[in-house]
Amino acid sequence: MIILAIETSCDDTCVAILEIRNKKLKILSNIISSQVKLHAKYGGIHPGLAKREHERNLPLVLKKALSKAKMPKIDLIAVTVGPGLEPCLWTGINFAKELAKKMNLAIIPVNHIEAHIFANFVGENFQFSIFNFQKFFPAICLVVSGGHTQLIIMKKIGKYKIIGETRDDAAGECFDKTARILGLSYPGGPAIAAEAKKLQTACLQTILPRPMIYQKNYDFSFSGLKTAVLYKVKSQISNLKSQKFIQVFSYEIQQAIIDVLIKKTIRATKDYKAKTIILGGGVTANEELRKQFKSKAGKLKINFFAPAKKFCVDNATMIGITAYFQWLKEKTKKSKKISANANLRIS
Ligand code: KG4
Ligand code: ZN
């Protein structure tokens, strides 16, 4: 089967073509057109601009994906329907509908959060996920990106319950906003990680709060962390020119976010007697976060999965894989009614 997948929920225009034969996955193409430069001057995503760019980019990205995949015969179309920015979601959906009509194909609607989890199945884990994954459930999934921070219990493939989420900003949003305060580039996550890495010795002094870390729930809050950075930087504004100051603050921002994410995920893992921790979303590309999670999971003898870094951030390969699992379950190519849902919940 050959699946053409489309992702436009945020600021990346993505098309991927996947071939799945004999339970083996081959990525024929995975094209991403990033709008990062365009949104950088706003320090975040401008939805109107993003929609216009998706409309402009989609035909070009599709053409590139088809030619890289050597114009294969497509069997199924997959598209993200939510959560995300509604105008952006509709652009992808309308494009998918037109394509499906032209090619006389069905469309599978995909949840973006579920797809971030399924990004773990790229590569050798694909076969593994089909044949052998049952023994890893229940699993606790932590999805952290620019728009989302959720802890989800996954009872099996396709069965989820959200047990905690952010009450204000997402973890990635916190990276992006605090990076802006420090005068670093957008997206903030990679910029802060790079500055933190330059620090020669670990920062032993805790200078920022770890919001909600000791609260006995699985929720998060990151806007207070951003405010704390703002006040501390304002009171030491002359230091903004010092490289050491930027490095120390970057280290602390990164570590504060990691501390809270790990603490809450481990608590959920113990409370729900989960056998596995699964990460997903742009923030999980963070090297320190992966390293510290892996070490903690190892000590507790809990299985640990994180997607290949390239598939942590938004891409259409994860959309195609999720659609394939949905198709396996339903075995129908009949089209469903498809519409965008900016606040779609995983369930
Ligand atoms: O999943 P994603 O590409 O888009 C959304 O669905 O939001 O995630 C983008 C987010 C941005 O906030 C970006 O700063 C963050 O992921 N990010 C990182 C890293 N790479 C991307 N955060 C921390 N460390 C990174 N290395
Ligand atoms: Zn995402």
Side-chain angles (χ1 to χ4, degrees), residues 5-14 16 30 32-36 39-40 42-47 50 54 80-86 88-89 92 110-120 141-150 152 165-166 169-182 184-197 222 225-226 250-262 279-293 306-319 321-322 342-344 346:
I6 299 166
E7 154 66 40
T8 60
S9 68
C10 198
D11 62 340
D12 294 306
T13 315
C14 319
N30 179 56
I32 303 174
S33 167
S34 167
Q35 303 176 8
V36 156
H39 297 282
Y42 301 97
I45 294 143
H46 188 292
H54 285 312
T80 308
V81 293
L85 302 168
E86 188 152 335
C88 298
L89 290 165
V110 173
N111 180 311
H112 185 83
I113 300 290
E114 185 176 23
H116 270 307
I117 296 171
F118 275 60
N120 283 280
C141 308
L142 173 70
V143 179
V144 261
S145 68
H148 318 279
T149 301
Q150 289 185 335
I152 298 157
E165 58 197 312
T166 184
D169 291 352
E173 198 178 349
C174 184
F175 271 116
D176 296 338
K177 288 179 174 170
T178 52
R180 194 171 161 85
I181 296 169
L182 293 179
L184 299 174
S185 58
Y186 175 83
I192 286 189
E195 287 301 319
K197 208 174 172 182
F222 290 107
L225 182 56
K226 171 198 66 195
S250 295
Y251 179 95
E252 253 293 282
I253 292 164
Q254 176 174 268
Q255 197 53 49
I257 294 173
I258 293 175
D259 283 349
V260 181
L261 293 176
I262 291 189
L279 303 185
V283 175
T284 62
N286 186 283
E287 243 173 73
E288 259 318 300
L289 174 96
R290 296 162 79 95
K291 202 168 90 188
Q292 294 182 31
F293 250 114
K309 278 192 202 160
K310 169 176 170 193
F311 295 108
C312 289
V313 288
D314 288 349
N315 64 87
T317 293
M318 67 183 193
I319 307 300
I321 294 182
T322 314
N343 302 311
L344 186 64
I346 193 170

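Being a predicted model, the structure only gives us computed values, none of them experimental. Counting from 1, the numbers follow the sequence of the chain as shown. In listed order, ligands and their atoms are each counted from 1.
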*By ring pair (Phe, Tyr, Trp, His ring centres under 6.0 Å), which residues pair with His112, not counting sequence neighbours?*
His116
*ligand 1 atoms in contact with Gly188 (distance to a heavy atom under 4.0 Å)*: 14 (O)
*Could an N or O of ligand 1 be found under 3.5 Å from any N or O of Gly281, whether backbone or side chain?*
no
*Please name the atom of Asp314, restricted to N, O or S, that is closest to the Zn ion (ligand 2).*
OD1
*Note, Glu173 side chain near Phe222 side chain (heavy atom, < 4.5 Å)*: no
*Is there a nitrogen or oxygen of Val313 sitting under 3.5 Å from a nitrogen or oxygen of ligand 1?*
no
*Looking only at side chains, do Ser9 and Glu7 share a donor and an acceptor under 3.5 Å apart?*
yes
_Judged on heavy-atom distance to atom 22 (N) of ligand 1, which of Pro190, Cys14, Ala119, Gly189 sits nearest?_
Gly189
*May I ask you to list the atoms of ligand 1 that are less than 4.0 angstrom from any heavy atom of Pro187?*
13 (C), 14 (O)
_Strictly under 2.8 Å, is the Zn ion (ligand 2) approached by any N, O or S atom of His116?_
yes
*N/O to N/O below 3.5 Å, does that happen between His148 and ligand 1?*
no
*What pair of heavy atoms forms the shortest contact from Ser145 to Gly281, and how long is it?*
CB-CA, 4.3 Å
*Report yes if the side chains of Thr80 and Leu89 come closer than 4.5 Å at any heavy-atom pair, otherwise no.*
yes
*Out of Gly282, Ala171, Cys312, whose heavy atom sits nearest atom 20 (N) of ligand 1?*
Gly282
*Contacting atoms of ligand 1, where contact means under 4.0 angstrom from a heavy atom of His112*: 6 (O)
*asked:* Please classify the His116 to ligand 1 contact at 4.0 Å (heavy-atom distances, strictly less than): side chain, backbone, both or neither.
replied: side chain
*So which heavy atom in the protein is nearest atom 7 (O) of ligand 1, and how far is it from that ligand atom?*
Gly146 N, 2.9 Å
*May I ask you to identify, for Asp176, whether its side chain, its backbone, both or neither come under 4.0 Å of ligand 1 on a heavy-atom basis?*
side chain
*Just by distance, with hydrogens left out, do Gln292 and Gln255 show a side-chain donor and acceptor under 3.5 Å apart?*
yes
_By the definition side chain to side chain contact (heavy atoms under 4.5 Å, CB included), identify the one residue from Thr284, Thr149, Asn286, Leu279 that meets it with Leu261._
Thr149
*Number the atoms of ligand 1 from 1 as they appear, then name those within less than 4.0 Å of a heavy atom of Gly172, with their elements.*
12 (O)
*asked:* Side chain, backbone, both or neither: which applies to Glu287 and ligand 1 if a contact is any heavy-atom pair less than 4.0 Å apart?
replied: neither
*Below 4.5 Å, heavy atoms only, C-beta onward: do Phe175 and Gln254 meet side chain to side chain?*
yes
*Is any N or O atom of Gly147, backbone or side chain, closer than 3.5 Å to an N or O atom of ligand 1?*
yes
*So Glu288 and Lys291, salt bridge (charged side-chain N to carboxylate O under 4.0 Å, His left out) or not? Walk me through it.*
CA-CA 5 Å; Glu288 259 318 300; Lys291 202 168 90 188; 3.1 Å; yes
*Are any non-hydrogen side-chain atoms of Leu225 and Ile257 less than 4.5 angstrom apart?*
yes
*Is the distance from the Zn ion (ligand 2) to some N, O or S atom of His112 under 2.8 Å?*
yes
*For residues Lys226 and Ile181, determine if any side-chain heavy atom of one lies less than 4.5 Å from a side-chain heavy atom of the other.*
yes
